[in-house]
Q: 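One structure, pasted below without further comment.
Numbers for residues simply follow the sequence, beginning at 1.
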Amino acid sequence: MAMLLNCLVLVVGFVLLVKGADFFVDGSSGVARRLRVPGVVIGLTVVAMGTSLPEASVSITAGLTGNNGLSLGNVIGSNIFNLMVVACFCALVMSFVPDKELMVRDFPVCIGASALLVFFMWDDTLQRWEGVVMLGLMAAYIALTVVQALASRTPESEEEPVSLLRCIAFILLGMAAIIWGGDLVVDSASSIAAALGLSQTLIGLTIVAVGTSLPELATSIVAARKGESGLALGNAVGSCIFNILFILGASSALTPIESARGVLVDGIIMTVLTAALFIWCRIKGRMTKPMGAAGLLAYVAYTAYLIVNA
């Protein structure tokens, strides 16, 4: 009976995620049009931060309650999922050319943040001062993005702009549904996994990481289907940057995070996969369906590696 109830809650969570993402994309795109900034900028900031709220909630709460290992595994697992599943699945839905600024500024920042995290983890602990450094870098990145966005504002569109109040309402409603749906999915999936006898380490790196990344997946798929490819990929990359620099920065600034050697290996895998996706995009000049399929296969291989080494 408990298993059936958890399955029903899981379905409700998925519905909330999908509908919330729909509202969120519409609201964010409307704000982008009103402010005359590229959709990718909204994806890298408002949407990326909004869809990363489940990771922030899980990781910061874990830090406050002393379960620091969960926050580290959640972020690394979520980032690998964002890049190998979220971004690559969007490419399977529809091939697209990545935004130029995304490739010049944001993807390299994502790779740098991943490499910095591995460097900080090398002594098996994320210290408070390292968390403060990451928070400072996040503030600098947001400031740079906003300044460049203001400089690249587009001319007024002849299309009748959507009411700003309505856009904000859509964003808040979508965010609430996404967060609630994410919580339901994580709680029910974790209960199902525990009932099946899976280890807590495996649950943290897979079930919780995937569950808290479902908002990014739902939002990016909806965005890609609506032709907002810049918002879709920008959301995935922006979420990865936000997860490392803000969430782990805040978590480790609250209390030092100890990391096992195995998690360091996961961090190295995350960095290598991020760099590989970036290099492939640079060579091909676009996100293609074969690239999407390869990314999904890479995630399946990574999940198999986790199960074997659990």
Q: Side chain to side chain contact (heavy atoms under 4.5 Å, CB included) with K284: which residues, sequence neighbours excluded?
A: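 Side chain to side chain contact (heavy atoms under 4.5 Å, CB included) check on K284 returns W280, M291.
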Q: Listed by chain and number, what are the side chain to side chain contact (heavy atoms under 4.5 Å, CB included) partners of L144, not counting sequence neighbours?
A: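 Here the qualifying residues are R105, Q148.
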Q: Would you say I257 and Q127 make side-chain contact, with heavy atoms under 4.5 Å?
A: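 Side chain of I257 against side chain of Q127, heavy atoms only: no contact under 4.5 Å found.
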Q: Could you check if a side-chain atom of F246 sits within less than 4.5 angstrom of a side-chain atom of I241, using non-hydrogen atoms only?
A: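 Sidechains of I241 and F246: no contact.
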Q: Can you find a pair of side-chain heavy atoms, one from L117 and one from L126, that are under 4.5 Å apart?
A: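 With C-beta onward as the side chain, the pair touches.
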Q: Counting only N and O atoms by type, is there a donor-acceptor contact under 3.5 Å from the side chain of R128 to the main-chain atoms of S252?
A: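 Between the backbone of S252 and the side chain of R128 there is no qualifying donor-acceptor contact (under 3.5 Å).
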Q: Shared ILVMFWY cluster between V75 and V132, side chains joined below 4.5 angstrom?
A: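 No; tracing contacts between hydrophobic side chains, which count when under 4.5 Å, never links both residues.
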Q: Only counting residues at least two apart or in another chain, list the ones meeting side chain to side chain contact (heavy atoms under 4.5 Å, CB included) with V118.
A: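 V118: side chain to side chain contact (heavy atoms under 4.5 Å, CB included) contacts with W122, L264, I268, T271.
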Q: Would you check if V300 and Y305 make a side-chain contact, meaning some heavy-atom pair closer than 4.5 Å?
A: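 Side-chain contact under 4.5 Å: no.
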Q: Taking the side chain as everything from C-beta on, heavy atoms only, tell me whether L277 gets closer than 4.5 Å to M287.
A: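 Counting from C-beta outward, L277 and M287 do come under 4.5 Å.
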Q: Within the structure provided, determine whether Y302 and F81 are in side-chain contact (heavy-atom separation under 4.5 Å).
A: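 Result no, sub-4.5 Å side-chain heavy-atom pair not found.
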Q: Could you tell me if the side chain of M3 sits less than 4.5 Å from the side chain of L8, heavy atoms only?
A: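 No - every pair of side-chain heavy atoms lies 4.5 Å or more apart.
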Q: Indicate yes or no: at least one non-hydrogen side-chain atom of T274 is less than 4.5 angstrom from one of C240.
A: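 Not touching, per the 4.5 Å side-chain cut-off.
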Q: Would V265 end up clustered with I80 when hydrophobic side chains under 4.5 Å apart are linked, directly or stepwise?
A: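 Cluster IDs for V265 and I80 match.
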Q: Mind telling me whether F278 and F107 have parallel, tilted or perpendicular rings, with 30° and 60° as the class edges?
A: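 Plane angle between 30° and 60°, so tilted.
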Q: Does R282 CZ have over 12 foreign heavy atoms under 6.0 Å away?
A: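 No, CZ of R282 has 12 or fewer neighbouring heavy atoms, counting only those of other groups under 6.0 Å.
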Q: Assess the residue pair F120 and V133 against the criterion (side-chain contact (heavy atoms from CB on, under 4.5 Å)); give the C-alpha distance rounded to whole Å, side-chain angles, the decisive distance to 0.1 Å, and a yes or no.
A: CA-CA 11 Å; F120 282 163; V133 168; 4.3 Å; yes
Q: For the CE atom of M138 and the CG atom of L135, what is their distance to the nearest 0.5 Å?
A: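 Separation between the atoms: 9.5 Å.
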Q: Would you compute the distance between atom CG of L248 and atom CE of M134 and round it to the nearest 0.5 angstrom?
A: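 One gets 5.5 Å once the value is rounded to the nearest 0.5 Å.
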Q: Please round to the nearest 0.5 Å and tell me the distance separating atom CG of N82 and atom SG of C110.
A: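 Result: 9.0 Å between the selected atoms.
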